[in-house]
Amino acid sequence: MAPVFPVHKHRFPQAAFEMESRAKVNSRERLSLSENLREYCLNTTIHGLKYIGTVSLTIWERAYFFLTFLIVTVCSIYFISSVYIKWQSSPIIIGLNPIATHIRSIPFPAVTICNMNQVRKEAAERIEAHTLDQSVLQSICSIDGDFNVTQYEGKWSVVKKLLLSATQPCSGLLKACRYAKQPEKCTEIFQSVFTDEGLCCTFNTLDSSYMFQSEKALNIFPSETGDAVGRFRPILWTPETGYVGHPSNDSFPRVIAGTGVPMGLAIVLDANVSDYYCSSTSSTGFKIIFHSPTESPKITDYAQYIPVGSENRIIITPKINDAAEKIRKVVQSQRQCVFANEANLTYYSVYSRNNCELECEAKLILENCGCVLYYLPKLYEDTKICSRANARCYEQIRNSIAFTANTSLSCTCLPGCFEVSYVPDVTTAELQVGQFEIRESMLNNVKDEQYANLARNSKEQPRYSFLGDRSSTSTPNVFSITRTSAAQW
């Protein structure tokens with residue numbers, strides 16, 4: 001009988017051989033991975049890694065380079081993340097634009113002039129005591145006293161009537177005008193405007209049909225102004241789109257005719273000091289402000305003084321803010337400016353920070369006091385005009401708006417992404433009349449009896465001021481302009 005052998009005794013050596021072969025293969029793979037890593041360290045361009053893979057160095061030297069590489073990597077991640085966080089919070093770059101701006105691409109600045117006297121003495125003396133006109137007079141002059149609340153109705157028509165009859169008109173304030181070497185009738189190039197200083201005169205502002213949302217709105221321009229209706233053609237201009245159409249010598253806002261004093265605006269002003277009743281300051285003279293044609297001016301806060309009996313030369317330096325088209329996709333809170341199509345104004349058609357603040361102030365005073373100040377936007381036809389009886393309320397609102405730390409009553413108005421402002425530089429000299437022959441002939445054209453007496457006797461108290469306005473320039477066709485541009489990183 002043949003011997004029987006177990007089958008598993010023949011298979012055991014084969015299984016052992018397979019396990020040994022598998023272990024050798026894994027050993028070769030592990031060796032290949034370490035060699036590949038060393039090969040990468042020796043050939044990479046990343047600084048420091050080649051020293052980690054150099055076997056001729058000691059373990060401490062290789063550990064030093066490895067630790068240094070880790071520290072540099074961590075620092076790089078930290079700085080990159082810091083820059084990214086900064087970009088997320090403020091992705092806009094503000095810089096000076098090196099490209100010159102052509103002189104005809106922006107308009108001549110709007111010029112608003114006010115007499116410091118808010119009510120003429122002659123008109124104030126004609127007003128009877130304890131009447132409606134006296135109540136309005138107290139409101140205009142901010143006079144405290146016995147206020148007849150029962151008679152004051154707060155109608156805009158009543159306040160407007162007294163302002164037009166009791167304040168100095170533009171025909172009396174402006175005695176002679178010249179623009180771009182051409183003598184002009186002052187009432188044809190200036191129009192009356194209601195401001196926080198009363199009735200003032202403005203030049204080169206946007207027409208009311210373009211400035212306000214509704215032509216029927218109670219606006220700041222009296223309808224009965226200007227003697228040359230139809231002589232000048234209104235044209236639309238905005239800081240973002242520029243002129244819509246082709247401006248000409250008969251259109252306004254007027255383009256800049258040229259550079260230097262002769263091509264600017266020259267005016268002779270009459271303060272009529274003897275007729276002062278209530279002044280907005282402690283002196284006599286004028287207030288003047290240069291602003292964008294699309295804005296309503298804030299005379300009390302930002303105007304400059306022009307004393308009587310003085311000759312003034314004002315150099316204007318335009319400042320343009322514009323923005324790249326790419327930043328439209330950046331949210332307002334990050335780019336910190338507003339494009340024209342994003343404006344949500346209900347009174348003004350053209351957005352600017354100044355117009356937004358005026359409209360916001362009017363809304364807050366109306367909501368909290370039930371009235372608005374006469375020079376603020378009147379959002380409704382039956383809006384009540386504030387009187388001195390409401391002074392405590394509206395002054396509290398205005399102070400709260402001005403106090404930036406107040407969050408309950410504030411106006412969050414961002415600047416426009418496209419804005420034009422004008423920076424004045426005023427120089428003043430004493431006006432000498434009748435002392436010697438002079439080159440300037442504008443004063444010779446003033447036909448006024450008191451001026452003639454002043455020319456004969458220079459010791460008499462002066463009442464006139466001569467104002468010359470020009471634009472800052474260094475070349476014949478290009479402004480010397482400070483231009484700021486906003487772009488994305």
Side-chain angles (χ1 to χ4, degrees), residues 103-104 106-115 164 167-195 199-211 219-237 243 245-270 286-297 299 303 306 312-314 316 318 422 424 440-448 464-471:
I103 194 172
R104 297 185 70 85
I106 60 175
F108 195 87
V111 183
T112 302
I113 306 171
C114 305
N115 194 331
L164 292 175
T167 57
Q168 185 184 28
C170 292
S171 57
L173 177 67
L174 307 167
K175 288 299 181 180
C177 298
R178 183 182 64 207
Y179 181 69
K181 295 184 177 181
Q182 298 297 324
E184 298 281 355
K185 190 175 181 180
C186 296
T187 53
E188 293 182 355
I189 63 174
F190 278 84
Q191 61 176 325
S192 299
V193 58
F194 294 117
T195 70
L199 187 67
C200 302
C201 306
T202 186
F203 166 80
N204 209 42
T205 191
L206 203 65
D207 187 71
S208 59
S209 60
Y210 296 125
M211 181 175 288
N219 60 59
I220 57 176
F221 301 110
S223 57
E224 54 276 305
T225 58
D227 296 336
V229 178
R231 176 185 169 187
F232 294 102
R233 174 176 58 91
I235 188 172
L236 176 61
W237 175 88
Y243 280 102
H246 299 285
S248 63
N249 294 334
D250 295 329
S251 63
F252 70 94
R254 295 162 180 80
V255 296
I256 299 168
T259 59
V261 175
M263 303 306 292
L265 175 69
I267 320 164
V268 177
L269 304 174
D270 181 9
F286 313 92
K287 291 184 179 181
I288 186 170
I289 190 171
F290 302 87
H291 56 95
S292 172
T294 62
E295 293 182 345
S296 296
I299 305 296
I306 300 296
N312 305 270
R313 176 170 293 184
I314 304 175
I316 303 298
Y422 302 89
E440 178 59 59
S441 60
M442 282 192 67
L443 293 174
N444 298 332
N445 299 328
V446 178
K447 307 299 181 182
D448 189 281
Y464 288 89
S465 289
F466 176 72
L467 181 66
D469 178 19
R470 72 181 182 93
S471 301

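Side-chain atoms are counted along with the backbone in the values below, which use heavy atoms only and exclude waters and symmetry mates.
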Could you tell me which residues satisfy ring-ring contact (aromatic ring centres under 6.0 Å, His included) with Tyr179, sequence neighbours excluded, listed by chain and number? Phe108, Phe203
On a heavy-atom basis, which atom in [X] and which in [Y] lie closest, and how many Å separate them?
X	Y	result
Ile235	Pro253	O-CD, 3.3 Å
His246	Arg233	O-NH2, 3.4 Å
Cys200	Ile113	CB-O, 3.3 Å

How far does [atom1] of [X] sit from [atom2] of [Y], to the nearest 0.5 angstrom?
X	Y	atom1	atom2	answer
Asp270	Ser171	CG	OG	10.5 Å
Leu236	Ser251	CG	OG	12.0 Å
Ile289	Ile299	CD1	CD1	5.0 Å
Ile306	Ile288	CD1	CD1	5.5 Å
Asn249	Arg254	CG	CZ	9.5 Å
Cys114	Gln168	SG	CD	11.0 Å

Can you list the residues that meet the side-chain contact (heavy atoms from CB on, under 4.5 Å) rule with [X], with sequence neighbours excluded?
X	result
Cys177	Leu174, Cys186, Ile189, Phe190, Ile267
Thr167	Leu163, Leu199
Pro234	Asp207, Tyr210, Phe252

According to side chain to side chain donor-acceptor pair (under 3.5 Å), who are the partners of Thr294, at least two apart in sequence or on a separate chain? Ser292
Side-chain contact, heavy-atom cut-off 4.5 Å: [X] with [Y]?
X	Y	result
Arg178	Glu184	no
Thr202	Pro297	no
Asn204	Val111	no
Pro107	Val255	no

Report yes or no: does Gln191 contribute a side-chain atom to a donor-acceptor pair with the main-chain N or O of Thr205 at less than 3.5 Å? no
Is there a donor-acceptor contact under 3.5 Å from the side chain of Ser192 to the main chain of Cys201? no
